[in-house]
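All values reported here derive from a predicted model rather than from experimental measurement. Every chain is numbered from 1 and lettered A, B, ... according to where its sequence line falls, protein lines coming before strand lines. Atoms considered below: every heavy atom in the structure, side chains included; atoms not considered: hydrogens, waters and symmetry mates.
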Amino acid sequence: MNDRPPAEPASDFIRDRVRADLQSGRVQQVVTRFPPEPNGYLHIGHAKAITLSFSIAQEFGGRCHLRMDDTNPEAEDQEYVDAIMADVRWLGFRWDAMYYAADYFDQLYAWAEQLVAKGLAYVDDQDAETISRHRGTLTSPGTDSPCRNRSPAENLDLLRRMRAGEFADGSRVLRARIDMAHSNLNLRDPVMYRIRRLPHQRTGDRWCIYPMYDWAHGQSDSIEGITHSLCTLEFEHHRPLYDWFCDALGIYKPQQIEFARLNVTYLLTSKRKLLQLVEGGHVDGWDDPRMPTLRGLRRRGYPAAALVAFCRHVGVAKFNSTHEIELLEYFVRDHLNRVAPRRMAVLDPLRLVIENWPGGPGGDHVEHVEAQNNPEDPGAGARRVPFRGELWIEREDFLEHPPKDFFRLAPGREVRLRYGYFVTCTGVDKDAAGHVTAVRCTYDPATRGGNAPDGRKVKATIHWVAVADAVDAEVRLFEHLFTDPDPARADGGDFLRLLNPQSRRVVTGRCEPALAAATGGESYQFERLAYFYCDHVDSRPGAPVFHRTVTLKDAWKKAQKAK
RNA sequence: UACCCCGUGGUGUAAUCGGUAGCACAGCAGGUUUUGGUCCUGUUGGUUCCUGGUUCGAGUCCAGGCGGGGUAACCA
């Protein structure tokens, strides 16, 4: 069972540290947090971060908070707050407490005044461009602002007036007074507050100054008593500043630990590029089944449990790595194989005519055969499927001139129609152009259910759907969105050229009757083809729409490709 | 050219106080099978980036190289 958390916590550099902190007594109870900014939708990369923080809390008997890092109203929105909460819940995690950085604005401001009073922060009148220019470069030190040595009293007055709205947007900022020559540019007097007259989804228009990430994050962790603040590698250079603020304030200092973000071949996790895909109309939206967003993966039919199992499996490290998407697909198949009911559907139909069917192939005679709902799960029961003299079979299951390693239907060849009868091909019908329009055969009445009393074997079993009972359904066949395993490699807008023109193909599936009752949110295995998800967005009662989640492994197709 | 981080089979990830490379996926080969699925078994791949050093012994410690990533937003 891959979707069960391991009995014993895994071993990795973060868990080792947590364990050590618990043993040394530095930490009594583990408290972690997942701190998204509500300015976009969560994607598979976030799933790793979520799984990590929630699992560690779970494994060590601790708590995990969900906190909106909502310090910049520019792109944030309540819609994202709601979506993030829904997505985390969908993954199966329950936060022990829900917090908003915006709720700490008053405390943060009080702390800012403290730093000003201590001479550790000052109001700078320079504009953004000037500040940026004076920050220096990676190899040269920055230069002090002319405002750097203002008196605490003057700074306090200015800060209060900033907050009161006396100054224009962008005209002044509050900066920490650290070291303009520091080798870590984050410590070159980082900006703490900027003036921005923007309504905030949570605090309305109470504030016209908003705290920067560095000035809010560590303190938010501190307020919540976070013991291990887990974040991705790019925040490594922010840790000294995180520590500096906590130390300067004399408040509890959590331990920030960084880990490598998740990369998966054929998937993009850059917010900017994802946005480009959506805005350029290359996909239908954030929840397009080809998107690596949690909503997209969900509509694709990826079970949350499979995603979490994958995230647990990949572990954490400080090494930037890229996982093969095959591993993700393995976890999806592994889960679906156990839980998805089997059904039969034909996606590229070819008519099979049973010449010796009682009353003639086109007659009314119908028999109902029993089919297992899931061979992996006897408890899933069985269903009855109508069998007639005219059936749809998959076009690729018939070959007029088969190579020797092709086991399926061919002239003179006998195969089993799954749960139905053995049939032997007697000939084909062709149109004027010579294309096969129907396959003719005879059936053996003694093989009902698919077993020959005389014990004779067939090399293949193929799926089918009775023509007269077939239910048409829209079926969307997805492939990787990109043709290149590393679409991020191409910079700028170039990655758009790597878009796979075949990433979505829509066909009409001929489905067995039971599928007419499929409802949004269900996953099925269409036997011998793939796992399909009944889309919860576009399906209507009696008119399901199916999304191909992932194909079944196909040794035959693979062997063909190898040739 | 500054600072920080990292470097184990194709891809990831393990290896108690330093003890002689494990696991998963992928690949390959068999077996089972009313899904060429699942399952089972076997198996190919690694001079653990390189060079030196410490040691009876190093993936694990030290030094120097090489290689990769990150960082200069009033974003997070």
Please work out if A:Thr71 contacts a base, only the sugar-phosphate, or nothing of the nucleic acid, heavy-atom cut-off 4.0 Å.
sugar-phosphate

Report which part of the nucleic acid A:Tyr421 touches: base, sugar-phosphate, or nothing (heavy-atom distance under 4.0 Å, all strands).
nothing

Is there any protein nitrogen or oxygen under 3.5 Å from a nitrogen or oxygen in nucleotides 29-32 of chain B, and what are the pairs?
none

Provide the full list of salt bridge (Lys or Arg N to Asp or Glu O under 4.0 Å) pairs with a residue in residues 33-42 of chain A, sequence neighbours left out, each pair given once.
A:Arg33-A:Asp221

Report, one pair per line, the protein and nucleotides 38-42 of chain B atoms (nitrogen or oxygen only) whose separation is under 3.5 Å.
{"unit_1": "B:rU38", "atom_1": "O2'", "unit_2": "A:Asn337", "atom_2": "ND2", "d": "3.0"}
{"unit_1": "B:rU38", "atom_1": "O2'", "unit_2": "A:Glu376", "atom_2": "OE1", "d": "3.3"}
{"unit_1": "B:rU38", "atom_1": "O2'", "unit_2": "A:Glu376", "atom_2": "OE2", "d": "3.4"}

Got a sec, which residues hit ring-ring contact (aromatic ring centres under 6.0 Å, His included) with A:Tyr419, two or more places apart in sequence or on another chain?
none

What residues, two or more places apart in sequence or in another chain, satisfy ring-ring contact (aromatic ring centres under 6.0 Å, His included) together with A:His65?
A:Tyr99

Note, RNA chain B 5' to 3' with Watson-Crick or G-U pairs under 3.5 Å encoded as ( ), [ ], | and . gives .((((((..((((.....[..)))).(((((.......))))).....(((((..]....))))))))))).....

Does anything in residues 168-187 of chain A reach RNA chain B, meaning a heavy atom under 4.0 Å, and if so which residues?
A:Gly170, A:Val173, A:Ser183, A:Leu185

Describe the nucleic acid contact of A:Asp214 in one word from base, sugar-phosphate, nothing, applying a heavy-atom distance below 4.0 Å.
nothing

Identify, residue by residue, the members of residues 339-349 of chain A with a heavy atom below 4.0 Å from RNA chain B, and return them in order of residue number, or none.
A:Arg342

Under-3.5 Å N/O pairs linking protein and nucleotides 14-20 of chain B:
{"unit_1": "B:rA15", "atom_1": "OP1", "unit_2": "A:Ser11", "atom_2": "OG", "d": "3.0"}

What contact category does A:Tyr193 fall into here, base, sugar-phosphate, or nothing, at under 4.0 angstrom with non-hydrogen atoms?
nothing

Table of protein N/O atoms under 3.5 Å from nucleotides 5-9 of chain B N/O atoms:
{"unit_1": "B:rC5", "atom_1": "O2'", "unit_2": "A:Glu236", "atom_2": "OE2", "d": "3.3"}

Provide the full list of salt bridge (Lys or Arg N to Asp or Glu O under 4.0 Å) pairs with a residue in residues 372-385 of chain A, sequence neighbours left out, each pair given once.
A:Arg383-A:Glu512

Under 3.5 Å, is there any donor-acceptor pair linking the side chain of A:His237 to the base of B:rG70?
yes

Base, sugar-phosphate or nothing for A:Arg416? Non-hydrogen atoms, less than 4.0 Å.
base

On the nucleotide B:rC28, are OP1 or OP2 found under 4.0 Å from the side-chain N or O atoms that A:Lys558 carries?
yes

Could you give all pairs that pass the salt bridge (Lys or Arg N to Asp or Glu O under 4.0 Å) test and reach residues 451-466 of chain A, with sequence neighbours left out?
A:Glu414-A:Arg456, A:Asp444-A:Arg456, A:Asp454-A:Arg456

Please determine whether any donor N or O and acceptor N or O are separated by less than 3.5 Å between the side chain of A:His134 and the base of B:rA72.
no

Suppose we call a contact any N or O donor and acceptor under 3.5 Å apart; does that hold for the side chain of A:Glu324 and the base of B:rG10?
yes

Base, sugar-phosphate or nothing for A:Pro190? Non-hydrogen atoms, less than 4.0 Å.
nothing

Look at the side chain of A:His323 and decide which nucleotide, out of B:rG70, B:rG12, B:rA73, has an atom nearest to it.
B:rG12

